[in-house]
Structures are given as C-alpha cells and as structure tokens.
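Numbers restart at 1 for each chain; the letters A, B, ... are given by sequence-line order, proteins then strands.
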Amino acid sequence: GAVVSQHPSRVICKSGTSVKIECRSLDFQATTMFWYRQFPKKSLMLMATSNEGSKATYEQGVEKDKFLINHASLTLSTLTVTSAHPEDSSFYICSARVEGGYTFGSGTRLTVV
Amino acid sequence: GQNIDQPTEMTATEGAIVQINCTYQTSGFNGLFWYQQHAGEAPTFLSYNVLDGLEEKGRFSSFLSRSKGYSYLLLKELQMKDSASYLCAVPPSGGYNKLIFGAGTRLAVHP
C-alpha cells in the first residue's frame, strides 16, 4: 500500500531555533500533502495543504511565516517550524490522498525547551 | 463551513459492544471516514461510508444516514487493544481533498 515516511519521529529543540520535518511518499507521487498538528488528547487540526510546485494553502489562523511549507518534488513535502517556542510543542503529522482514502505519516513529536 | 460532533470520552467493558456516534453538518457531502488512533501514533483507516446504511468489517461496523447527518461506529467483542481515540472525518464541500476531523472520542476498555 501507499506509504508516507515522516522524519524525525521525535525532536527536541531550543527556543528560537528552527526545526524541519520531512514527509516522503515512498511508492507513489503525492501532488498534494496535508499537514496537521495535534495537541495532547485533542484531534488533528489541519494546518495547511502543500501543493507540488506551488504555494501552500494555509488554514485560517495558521501563521505562514512561522510554519514554512515546501513541496519541491512529487515525493517530498517539508514543514519548517521557525523560531520555535514552547507553545509550538505538539505532534505534527502529514497525510496524502491515495486511492480509497488517505495515508498518514507516523508523526513527529516536537518539544521546544 | 463544517461542524463535526462526537462524544469526548466513552468507557466500555472487555467483550461488550460500544457505539460511537458522529453528527456532521456540511454544505456538500463527499463521504465520511472513521479512523482509529492510539496515542502518539498515526491514525489508521477503519471505514469509509458514502451511501446510507451499515457496512460491516469484522468486529467493526459503520453506519451512515445522509439525511440525518449522522454516522456511528460499532465495535463488537471489545478487546483491551481497542482502547484508543476514534476520529470521525469528512472531506469538506467542494471536493474530495483535505480531510477535516472531529474532536475524536477517547474510548477506554476495562477488564
């Protein structure tokens, strides 16, 4: 089946630094990738939709300059959390449309200290 | 816009049956998904309903009523490993594209 590989699975960074999260589609081409964040005991909140070769579409209330999304190829989408702060600590997960539904990456647990 | 409602938490006993309800409001309808998610893991697909009725898949079944904007996930013969969050999700009107999730229902299965 279609697999999305997400890295890193866990990252701890200092306040003020930037962190990049990668999602790769391993056996299919993903022209669109969706990025979600999830706080403890909460559901997945859609942050943005990345589109290969064009600008990402951000959901209302999501800061474009803080959460930089790049989708430079049909198999790679990246989310960069810039100038991270403790309140950015969360579980970030990517997803792609596939035949019959959606496939998800394994998620990245970001902790900002 | 859309609105998806689910109970926040439910508890059940091992071996029992539990029904998790989901109501939704969308200006268009492109089907409804149910996902299971264990803490710290990716959601896993359970079911997709686009037509009214009940679809059974092993111990899990999903029901949809489009006229009522209502779905439920039925879990039979509960096992301890079924303790997880169950997420109801719909693609918004305008296209089968991004997926919007409900708040999720945390199910705790007790011995």
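- For the atom pair CG of B:L99 and CZ of A:R97, the computed distance is 10.5 Å after rounding to the nearest 0.5 Å.
- Surrounding CD of B:E77 are at most 12 heavy atoms belonging to other residues, nucleotides or ligands under 6.0 Å away.
- Heavy atoms of A:S106 lying under 4.5 Å from chain B belong exclusively to its backbone.
- In the displayed structure, A:M45 atom CE is contacted under 6.0 Å by at most 12 heavy atoms of other residues, nucleotides or ligands.
- Counting heavy atoms from C-beta outward, B:I100 and A:L46 have side chains that approach closer than 4.5 Å.
- Under a hydrophobic-cluster definition in which Ile, Leu, Val, Met, Phe, Trp and Tyr are linked whenever side-chain heavy atoms come within less than 4.5 Å, directly or via other members, B:F101 and A:Y58 are assigned to different clusters.
- For A:I12, the CD1 atom counts as loosely surrounded, since its 6.0 Å shell holds 12 or fewer non-hydrogen atoms of other residues, nucleotides or ligands.
- The part of A:I93 that comes within reach of chain B is its side chain, from C-beta onward, which places non-hydrogen atoms under 4.5 angstrom from that chain.
- There is no contact between A:Q6 and chain B, counting heavy-atom distances below 4.5 Å.
- Within 6.0 Å of the CG atom in A:D27, the count of heavy atoms belonging to other residues, nucleotides or ligands exceeds 12.
- For the side chain to side chain donor-acceptor pair (under 3.5 Å) test, no residue two or more places apart in sequence or in another chain qualifies with A:E52.
- More than 12 non-hydrogen atoms from other residues, nucleotides or ligands lie less than 6.0 angstrom from CZ of B:R59.
- Within the 3.5 Å criterion, the main-chain N or O of B:G40 finds no donor-acceptor partner in the side chain of A:R109.
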request  = Assess whether ring-ring contact (aromatic ring centres under 6.0 Å, His included) is satisfied between B:F45 and A:Y102, documenting all intermediate values.
outcome  = CA-CA 8 Å; B:F45 171 80; A:Y102 299 80; 9.5 Å; no
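- Heavy-atom minimum distance, A:G105 versus B:A42: O-CB, 2.9 Å.
- Atom NZ of A:K42 is separated from atom OG of B:S85 by 11.0 Å, given to the nearest 0.5 angstrom.
- Of the atoms belonging to B:Q37, it is side-chain heavy atoms, and not backbone ones, that fall under 4.5 Å from chain A.
- A:T32 OG1 to B:K98 NZ: the interatomic distance, rounded to the nearest 0.5 Å, is 12.0 Å.
- More than 12 heavy atoms of other residues, nucleotides or ligands lie within 6.0 Å of NZ in A:K66, so this atom counts as buried by the packing criterion.
- For the pair B:L87 and A:S43, the minimum side-chain heavy-atom distance is below 4.5 Å.
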